[in-house]
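In this text the structure is predicted, and so the values were computed from the model without any measurement. The sequence lines fix the lettering, A, B, ..., with proteins before strands; numbering per chain opens at 1.
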Amino acid sequence: MNTQSSLNFRNNAAAAIKDAALCKSMRQATDTFGTKRAVAMETVDFAALREKASSIRMEVLDNLPAYIERFTTQATKAGANVHRAADATAANLIIADILRHHNVKRVAKGKSMVSEETHLNAHLAKEGFEVVETDLGEYIIQLEGETPSHIIVPAIHKNRGQIGRLFADRLGVDYSEDPQVLTKIARKVLREKFLSADAGISGANFAIAESGSLVLFTNEGNGRMVTSVPPLHIAILSIEKMLPSLTDLPTFMRLLPRSATGQMLTSYVSILTGNRKGIDATGAKELHIVLLDNGRSEILKGDCREMLKCIRCGACMNVCPVYRSVGGHAYGWTYPGPMGIVLTTLLTGMAQSHPLVDASTLCGACNDVCPVKVPLQEMILKLRSRRVAEGFSPATVSLGMRLFGAVVQSLWLFSTGEKLASRFWPVLRRVGGEKVVGRLPQPAKVPFSRRLP
Amino acid sequence: MHVQLFGTCLMDTFFPEVGEAVIRIFNKFGVEWTYPKGQTCCGQPAYNAGYISEAKRAAEHFLSRFSGSDLIITPSGSCAVMVKHHYPELFYDTPVKRQAAEQVAGRVYELSQFLVNVLKVHETSLTGSGTLTYHSSCHLTRTLGATREPLALIAALRGATFVPMADATRCCGFGGVFMAKLPEISMAIADDKAASIIATGAETVTGCDCGCLLNIADALKKRGSSVKVKHIAELVAEGL
């Protein structure tokens with residue numbers, strides 16, 4: 001398990017930076033995604049598409065309770081059982097209850113960040129269920145005992161050599177670092193799990209209110225297996241994943257894969273409406289849908305509600321200079337990168353996460369690529385001022401800022417500061433440390449303002 | 001034409017030669033200028049750290065110094081954004097101050113945008129030499145949209161060869177308070193930038209923001225590189 005805390009972000013990050021293999025994997029992977037994204041976006045009018053996607057998502061948020069109601073009615077009509085979970089604990093209990101009721105022993109699981117948020121796997125393991133992650137990346141990190149370090153590419157921090165050694169250690173296979181060989185090994189192991197699983201658990205990318213359908217974008221085919229091979233399927237998703245109708249889907253079919261992996265379209269787009277009915281139909285015999293709130297209704301009331309427009313593509317982390325330098329685990333909770341800074345702070349509270357709000361240079365690259373125009377930079381700034389207001393900014397910083405406030409209003413203080421800095425620079429360097437003051441050049445003996453006639 | 005020069009605290013303290021270069025350019029093109037006395041810092045460090053009341057104090061001070069109707073020219077994309085975009089936001093709930101902030105915001109020009117869009121400096125022949133690469137600072141590029149102007153100035157330097165760096169618009173890791181709060185990450189990002197610069201084989205790297213340039217200079221030094229770091233104002237002034 002990843003036991004790092006958001007409160008320890010700086011140390012987590014400093015340790016990650018010293019991990020040469022991690023740094024190399026992060027840079028290679030994020031660069032590849034960034035390049036592929038740019039190429040894929042050339043085939044669409046990104047500005048127009050994101051405008052449309054943003055307004056669809058915003059309208060959903062403005063009327064979220066009604067859409068949840070409509071979705072629940074329609075999904076129930078189609079044969080699904082819809083559950084509402086107020087928080088992570090409630091979601092885990094609901095899911096464990098359903099599994100127990102069906103005498104489930106083995107669960108095949110598709111990728112779901114919401115289930116990471118609730119720590120579902122740990123809960124189910126404690127309750128005696130065998131849970132197998134079937135997305136290749138998720139499977140890798142499950143074997144390693146880690147959490148995802150990227151919301152789309154869970155094992156982005158690992159290279160093929162590390163994965164080869166992991167497979168050799170845990171699965172007793174010959175070492176190989178050939179991705180094809182490794183994928184075949186995983187496929188063989190997982191195929192057996194799919195066929196013997198008593199239940200499948202998946203997430204969902206969208207929920208269609210009008211038809212009560214779930215929509216899944218996947219690449220490996222495991223999503224279809226877990227949602228249709230076992231007799232029982234449980235989908236867990238957060239309440240804000242609603243889209244009004246299937247006619248809204250094409251916009252997101254164009255945007256989500258392009259933003260996430262630079263694909264024109266994912267290998268599979270599954271639309272699941274209700275349970276299996278009749279011999280020719282597809283899907284699981286019994287379908288349960290767990291809608292998780294976990295603080296989102298509160299976010300919806302606040303001034304960062306636009307964060308809930310997010311469609312979890314990961315584009316913001318792929319372009320983030322901080323994320324690509326430190327990887328996802330440093331952030332200490334489920335969601336990393338720019339969207340993770342905002343969502344983690346909103347969902348877990350400032351007391352649990354305040355150092356994260358520093359984890360941005362405010363370069364704005366995330367704003368540029370967001371397919372639903374979430375104003376991430378503006379929100380990070382908002383959260384920084386909220387941290388100050390709530391008293392979570394370090395006392396030394398507050399003192400420094402009070403001094404700053406005085407200095408900027410007084411030319412005398414400002415010039416005296418400059419003179420002192422220039423005069424006592426060696427002392428300042430020692431006090432201020434090599435990592436901070438040591439990186440600044442020596443102040444000029446005569447500043448510009450005093451060179452003027 | 002008469003303008004006010006907003007030097008910025010970093011230029012005043014660390015890079016007075018950049019200010020002197022700006023003045024040489026102004027003088028050459030017949031731009032009359034004043035350097036409003038008492039100017040200090042635009043307040044961006046406080047704003048970016050979430051200290052809104054301290055940022056407001058800096059903004060109020062700035063507004064009191066830069067009165068009148070002259071264009072305000074600054075050799076920093078980032079400080080231009082602070083005044084142009086964030087001052088009006090800071091005073092959103094105080095109409096009188098907001099109006100003053102909007103008036104000042106409307107007068108602010110980042111240097112390269114002023115040189116190209118107003119003075120048309122790029123249409124004159126400037127002399128340059130050696131090979132140059134260019135770092136496209138974040139706020140300059142993304143908020144001000146100055147993607148074309150710095151490159152137009154570089155192109156006007158006859159005799160110099162421009163070699164673009166990979167990922168020129170990727171952040172250098174400075175980020176103002178960011179470099180002090182998370183120095184390990186800041187240095188890691190800066191090292192990537194230094195690697196991109198060195199890979200071009202250029203003798204000089206240029207840009208439009210003193211903050212980025214000092215950070216880049218340090219990262220280059222840490223790699224033992226001899227690439228020179230110059231503000232775009234210095235290159236233009238040298239080429240007059």
Checklist entry - Judged by atom type as modelled, is there a donor-acceptor pair below 3.5 Å linking the side chain of B/H61 to the main-chain atoms of A/L411? => result no
Item to check | Option from B/C41, B/P45, B/C9 for which side-chain contact (heavy atoms from CB on, under 4.5 Å) with A/V408 holds | outcome: B/C41
Item to check | Side-chain donor or acceptor of A/Q409 paired with backbone N/O of B/R57 under 3.5 Å | outcome: yes
Next on the checklist: As an exercise, state the distance from CG of B/L5 to CZ of A/F448, rounded to the nearest 0.5 Å.
Outcome noted: 5.0 Å
Item to check | Contact leader toward chain A among B/A190, B/P183, B/A49, where contacts are heavy-atom pairs under 4.5 Å | outcome: B/P183
Checklist entry - Between B/N215 and A/R439, is any side-chain donor less than 3.5 angstrom from a side-chain acceptor? => result yes
Next on the checklist: For A/D31, which atoms come within 4.5 Å of any heavy atom of chain B: side chain, backbone, both, or neither?
Outcome noted: side chain
Item to check | For A/N12, side-chain hydrogen bond (donor to acceptor under 3.5 Å, both in side chains) partners two or more places apart | outcome: none
Item to check | Top of B/L214, B/T141, B/I185 for chain A proximity - count of heavy-atom pairs under 4.5 angstrom | outcome: B/I185
Next on the checklist: Please report the interatomic distance NZ(B/K181) to OG1(A/T361), rounded to the nearest 0.5 Å.
Outcome noted: 14.0 Å
Next on the checklist: At a 4.5 Å cut-off on heavy atoms, which part of A/D358 comes close to chain B: side chain, backbone, both, or neither?
Outcome noted: both
Next on the checklist: Given heavy-atom pairs under 4.5 angstrom as the criterion, report whether the side chain, backbone, both or neither of A/R10 touches chain B.
Outcome noted: both
Checklist entry - In terms of heavy-atom pairs under 4.5 Å, which option from B/F15, B/Y35, B/Y47 contacts chain A the most? => result B/Y35
Next on the checklist: To the closest 0.5 Å, what do you measure between CZ (B/R142) and SG (A/C366)?
Outcome noted: 8.5 Å
Next on the checklist: Evaluate A/I17 against B/M187 for side-chain contact (heavy atoms from CB on, under 4.5 Å), listing each step before the verdict.
Outcome noted: CA-CA 10 Å; A/I17 285 166; B/M187 287 189 281; over 6 Å; no
Item to check | Atom pair CE/CD1 of A/M401 and B/I52 - distance to nearest 0.5 Å | outcome: 10.5 Å
Next on the checklist: Measuring from atom CG of A/L362 to atom CZ of B/F178, what distance do you get when rounded to the nearest 0.5 angstrom?
Outcome noted: 9.0 Å
Next on the checklist: Which one wins on heavy-atom pair count under 4.5 Å against chain B: A/S398, A/A13, A/G34?
Outcome noted: A/S398
Next on the checklist: Given heavy-atom pairs under 4.5 angstrom as the criterion, report whether the side chain, backbone, both or neither of A/V437 touches chain B.
Outcome noted: neither
Next on the checklist: Can you tell me how far apart CD1 (A/I380) and CG (B/N48) are? Round to the nearest 0.5 Å.
Outcome noted: 11.0 Å
Checklist entry - Hey, is OH on B/Y109 packed in by over 12 heavy atoms from elsewhere, all under 6.0 Å? => result no
Checklist entry - With chain B, which of A/C23, A/A359, A/S422, A/A365 has the greatest number of heavy-atom pairs at distances under 4.5 Å? => result A/A365
Checklist entry - Is it the side chain or the backbone of A/S449 that comes within 4.5 Å of chain B heavy atoms, both, or neither? => result both
Item to check | Interchain contact, A/V446 with chain B, by part (heavy-atom threshold 4.5 Å) | outcome: backbone
